[in-house]
Amino acid sequence: MIKRGEASAQQAENAKIIAEAGVDSNDRAAVLQAFLNNFSRVVIEKIQPLEKLDEQRRQAIFDAESLKAERNTVSKEVGRRKANKEPADDLLAGMKEVADKIKELEKKVENIDQTMNDLLMTIPNVPSPATPVGHDETANLEVHKYGTPKDFAFAPKDHVDLGANLGILDFERAGKLTGTRFSVLMGQGARLERALINFMLDVHTQKHGYKEVLPPFMVNSNSLRGTGQLPKFEQDLFKLQGFDYYLIPTAEVPVTNLYAGEILKESDLTLSLTAYTPCFRSEAGSYGRDTRGLIRQHQFDKVELVKFCKPEDSYSELEKLLSDAEQILKLLDLPFRTVALSTGDLGFSAAKTYDIEVWLPSQKCFREISSCSNFEDFQARRAQIRFKGNDPKSKPSLVHTLNGSGLAVGRTWLAIVENYQDENGRIFIPEVLRPYLGGATHIEPEK
RNA sequence: GGAAAGGUGGCCGAGUGGCUUAAGGCGCACGCUUGGAAAGCGUGUGUAGGUCACACUACCGCGGGUUCGAAUCCCGCCCUUUCCGCCA
């Protein structure tokens with residue numbers, strides 16, 4: 001769920017494929033076969049019709065253009081004759097039908113475009129060869145590990161209890177104000193959130209070379225199509241009534257779409273941007289999961305990293321972006337591991353994704369705190385983001401886009417609260433954050 | 001929300017139905033000139049589809065319409081600027 005908005009829908013779809021095949025989800029071979037069958041079905045139902053449609057489309061465009069060429073020639077001659085006060089009735093005869101025929105052909109092209117687009121927009125990106133193959137998250141590959149989970153001499157509390165005792169986290173009042181899956185931060189809790197945002201932005205802008213962006217928190221449907229959330233994952237989004245506006249599920253959407261429809265200069269690449277935004281997700285289909293605490297909220301803060309680069313650079317840039325995100329956890333000295341997602345766990349738009357997972361003492365497991373992906377040219381094609389070399393004769397080509405959380409602030413907040421608690425319920429502040437908290441070394445109950 | 005004026009190539013800017021194939025200028029690139037530069041002169045200078053390459057087609061904010069023919073006329077929408085109202 002820090003995973004992009006579509007992830008839950010993707011998982012639901014995987015579950016549906018398994019259910020429809022009627023196989024035991026623990027039977028690996030049967031599940032794999034079910035996915036292969038589904039893949040064949042997708043090829044037959046979606047890819048094959050595209051070939052025929054493409055052919056029809058080309059023919060219709062060719063016919064229409066031939067007629068247009070004729071029309072232009074005739075119209076020009078009409079203009080010439082009228083200027084000379086010569087009659088042109090013989091030329092005008094039949095041209096009305098040509099115009100109608102052109103309109104008809106254009107309508108046909110439009111219909112084919114619509115049909116093709118509807119199909120194409122629902123086809124996910126092709127996983128990179130570097131993505132491990134597997135049918136779900138159990139096939140994910142651990143690639144990095146940092147730190148050692150602390151051995152508490154007492155039973156560690158979770159952040160809900162710690163936050164309530166310290167008076168810094170309130171779910172009940174958030175429920176009153178809005179509803180479930182919302183929270184209120186108070187006092188040092190609110191300040192810790194703000195400190196984390198500033199800390200992350202400062203590290204990325206000052207140490208990692210990103211340019212800071214503060215985008216709109218609402219975007220139109222076109223932007224969401226560009227990054228791949230629409231049309232397939234509308235149910236994951238909050239839509240504003242009476243507007244073609246949606247609350248952003250991640251800063252990825254406004255920041256990646258900054259350059260939609262534009263041609264960037266090759267010398268400006270790699271372009272690295274970072275943005276703090278709140279993120280809004282409906283979490284449809286995740287009922288009953290992570291209902292306690294800050295893990296899964298309808299609104300959470302995130303600092304996002306986004307890169308636009310040349311195709312040949314995108315995989316080295318992904319490694320850099322990942323290490324930039326990991327650096328935040330290292331500076332905060334929070335134990336984590338990084339996994340490469342398998343093909344079965346990969347989101348709709350990504351070619352390769354790393355998840356960074358932070359250690360949570362209360363759950364005694366690693367939980368996702370960042371997701372870093374290379375989309376190759378998938379988003380660039382949808383959003384038409386291109387670049388061009390200095391040679392004026394060179395044709396524009398699609399950039400590669402990447403993004404990753406750097407990090408999910410809410411989950412970082414709770415990771416700090418849980419990992420840095422002491423037996424008295426106080427929270428130790430990591431040294432790098434102290435300047436952002438007025439030099440405080442601990443969060444303790446207010447007198 | 002109300003009123004008015006606008007939206008044309010990388011930029012400025014002309015263009016009220018047909019030699020517009022978007023004038024002219026700036027900028028940029030190349031060439032001539034020069035000891036070198038500037039100035040001057042000349043040539044070129046958007047995107048996409050299409051083609052071996054041409055031809056050809058589309059694009060003057062977006063979408064419709066009228067017409068043989070639309071940057072130009074009509075309708076709707078979006079955005080910008082200014083004024084008023086409201087507001088932070």
Side-chain angles (χ1 to χ4, degrees), chain A residues 50-118 120-121 194 214-226 230-231 239-246 253-254 257-269 271 276-278 308 310-311 377-399:
Chain A
L50 283 172
E51 283 184 59
K52 194 162 277 176
L53 285 167
D54 184 54
E55 204 174 300
Q56 290 173 9
R57 179 175 175 275
R58 282 169 195 278
Q59 186 61 49
I61 289 174
F62 178 81
D63 292 346
E65 289 193 353
S66 304
L67 288 172
K68 280 181 190 173
E70 183 189 341
R71 180 184 68 183
N72 288 348
T73 310
V74 172
S75 292
K76 214 166 282 178
E77 177 62 12
V78 170
R80 202 189 59 77
R81 285 203 202 172
K82 292 226 166 162
N84 294 334
K85 308 238 192 270
E86 293 169 22
D89 294 354
D90 57 318
L91 292 177
L92 260 43
M95 286 316 285
K96 176 75 180 154
E97 278 135 65
V98 171
D100 288 345
K101 184 73 184 165
I102 289 171
K103 247 171 231 177
E104 196 182 304
L105 284 165
E106 284 184 332
K107 188 79 195 161
K108 186 176 175 185
V109 172
E110 193 184 310
N111 286 338
I112 294 173
D113 276 346
Q114 181 73 44
T115 310
M116 286 180 79
N117 232 345
D118 288 351
L120 287 169
M121 290 299 269
R194 187 158 56 87
L214 206 151
F217 301 159
M218 299 179 204
V219 292
N220 59 34
S221 56
N222 195 45
S223 298
L224 287 155
R225 262 190 299 278
L230 287 179
K239 186 175 195 320
L240 270 76
Q241 202 165 25
F243 295 87
D244 182 38
Y245 295 163
Y246 295 78
V253 181
N257 280 287
L258 269 178
Y259 299 108
E262 297 190 26
I263 299 173
L264 303 170
K265 277 190 288 193
E266 183 175 348
S267 55
D268 288 341
L269 303 177
L271 184 58
Y276 152 73
T277 70
F308 304 84
K310 291 190 271 180
D377 62 10
F378 185 84
Q379 295 180 327
R381 180 171 294 107
R382 292 165 80 111
Q384 283 299 298
I385 308 168
R386 294 172 294 175
F387 76 99
K388 196 175 151 169
N390 290 329
D391 178 6
K393 271 178 286 196
S394 67
K395 291 243 172 188
S397 32
L398 296 167
V399 301

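In the text below, chain A, chain B and the rest are named by the order of the sequence lines, each starting its count at 1.
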Cut-off 3.5 Å, no hydrogens considered: what does the side-chain donor-acceptor table look like for residues 92-100 of chain A, sequence neighbours left out?
none

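- Side-chain atoms of A/P215 and A/T277, non-hydrogen and from C-beta on, do get closer than 4.5 Å to each other.
- The salt bridge (charged side-chain N to carboxylate O under 4.0 Å, His left out) test with A/E106 singles out one residue from A/K68, A/R57, A/K101, and that residue is A/K68.
- Atom CD in A/Q384 sits roughly 14 Å away from atom P in B/rU47 (whole-Å rounding).
- Panel note: side chain A/D377, backbone A/L398; no donor-acceptor pair is recorded below 3.5 Å.
- Of all the residues in residues 98-118 of chain A, A/A99, A/K103 reach under 4.0 Å from RNA chain B with at least one non-hydrogen atom.
- Rounded to whole Å, the separation between the P atoms of B/rU72 and B/rG64 comes to 14 Å.
- Side-chain nitrogen and oxygen atoms of A/K96 include at least one within less than 4.0 Å of the OP1 or OP2 phosphate oxygen of B/rU67.
- Nucleotide B/rC54: unpaired (no Watson-Crick or G-U wobble partner with both distances less than 3.5 Å).
- Under the Watson-Crick and G-U wobble criteria, each requiring two contacts below 3.5 Å, nucleotide B/rG18 is paired to B/rC68.
- Base pairing analysis places B/rG42 opposite B/rC30; the two distances defining the Watson-Crick or G-U wobble pair are each below 3.5 Å.
- B/rA3 and B/rU82 make up a base pair, with Watson-Crick or G-U wobble contacts both under 3.5 Å.
- Nearer to the 5' terminus of RNA chain B, by closest-nucleotide assignment, is the contact made by A/G79 (compared with the other of A/L92 and A/G79).
- With rounding to whole Å, A/I61 atom CD1 is found 10 Å from B/rG50 atom C1'.
- Whole-Å rounding puts the A/F62 CZ to B/rA48 P distance at 22 Å.
- Few gaps surround CE on A/M116; more than 12 heavy atoms of other groups in view lie less than 6.0 Å from it.
- With a cut-off of 3.5 Å on both pairing distances, the Watson-Crick or G-U wobble partner of B/rG24 is B/rC12.
- Using a 4.5 Å heavy-atom threshold, the side chains of A/V253 and A/N257 count as touching.
- Comparing the C1' positions of B/rA3 and B/rA88 gives an interatomic distance of 24 Å, to the nearest angstrom.
- Nucleotide B/rG36 forms no Watson-Crick or G-U wobble pair with any nucleotide shown, as no partner meets the under 3.5 Å limit on both distances.
- One can place CD of A/E97 at 12 Å from P of B/rG69, the figure rounded to the nearest angstrom.
- Nucleotides B/rA58 and B/rA22 are separated by 15 Å at their C1' atoms, to the nearest Å.
- To the nearest angstrom, C1' of B/rG50 lies 14 Å from CG of A/D54.
- Distance, A/N222 CG to B/rG63 P: 12 Å, rounded to whole Å.
- Atoms CD (A/Q59) and C1' (B/rG49) sit 15 Å apart, rounded to a whole Å.
- Annotation: B/rU20 and B/rC54 have their C1' atoms spaced 23 Å apart (nearest Å).
- Taking atom P in both B/rA5 and B/rG76, the straight-line distance is 15 Å, to the nearest Å.
- Annotation for A/M121 and A/L230: closest pair CE-O, 4.3 Å, computed over non-hydrogen atoms.
- Residue contacts shown for A/R58 are limited to sugar-phosphate atoms, with no base heavy atom under 4.0 Å away.
- Looking at heavy-atom distances under 4.0 Å, A/V74 makes no contact with the nucleic acid at all.
- B/rC77 is paired with B/rG61 under the Watson-Crick or G-U wobble criterion, all donor-acceptor distances under 3.5 Å.
- Residue A/K82 is classed as a base contact, given a heavy-atom separation below 4.0 Å to a base.
- For the P atoms, the distance from B/rG10 to B/rG6 is 24 Å, rounded to whole Å.
- With no hydrogens or angles considered, a side-chain donor-acceptor pair links A/N220 and A/S223 at under 3.5 Å.
- Distance check on atom C1': B/rC75 versus B/rG18 gives 24 Å, rounded to whole Å.
- Scored by the side chain to side chain contact (heavy atoms under 4.5 Å, CB included) test, A/E77 finds A/R80, A/R81, A/L91 as partners (sequence neighbours excluded).
- A straight line from NZ of A/K76 to C1' of B/rC56 spans 11 Å, rounded to a whole angstrom.
- Residue A/E65 places no side-chain atom within donor-acceptor reach of the base of B/rG50, judged by atom type and a 3.5 Å distance cut-off alone.
- A sub-4.0 Å separation between OP1 or OP2 of B/rA48 and a side-chain N or O of A/R386 is present.
- A heavy-atom distance below 4.5 Å is not found between the side chains of A/E70 and A/S66.
- Not one side-chain nitrogen or oxygen of A/N72 sits closer than 4.0 Å to the OP1 or OP2 atom of B/rC56.
- Separation of the P atoms belonging to B/rU81 and B/rA29 is 33 Å when rounded to the nearest angstrom.
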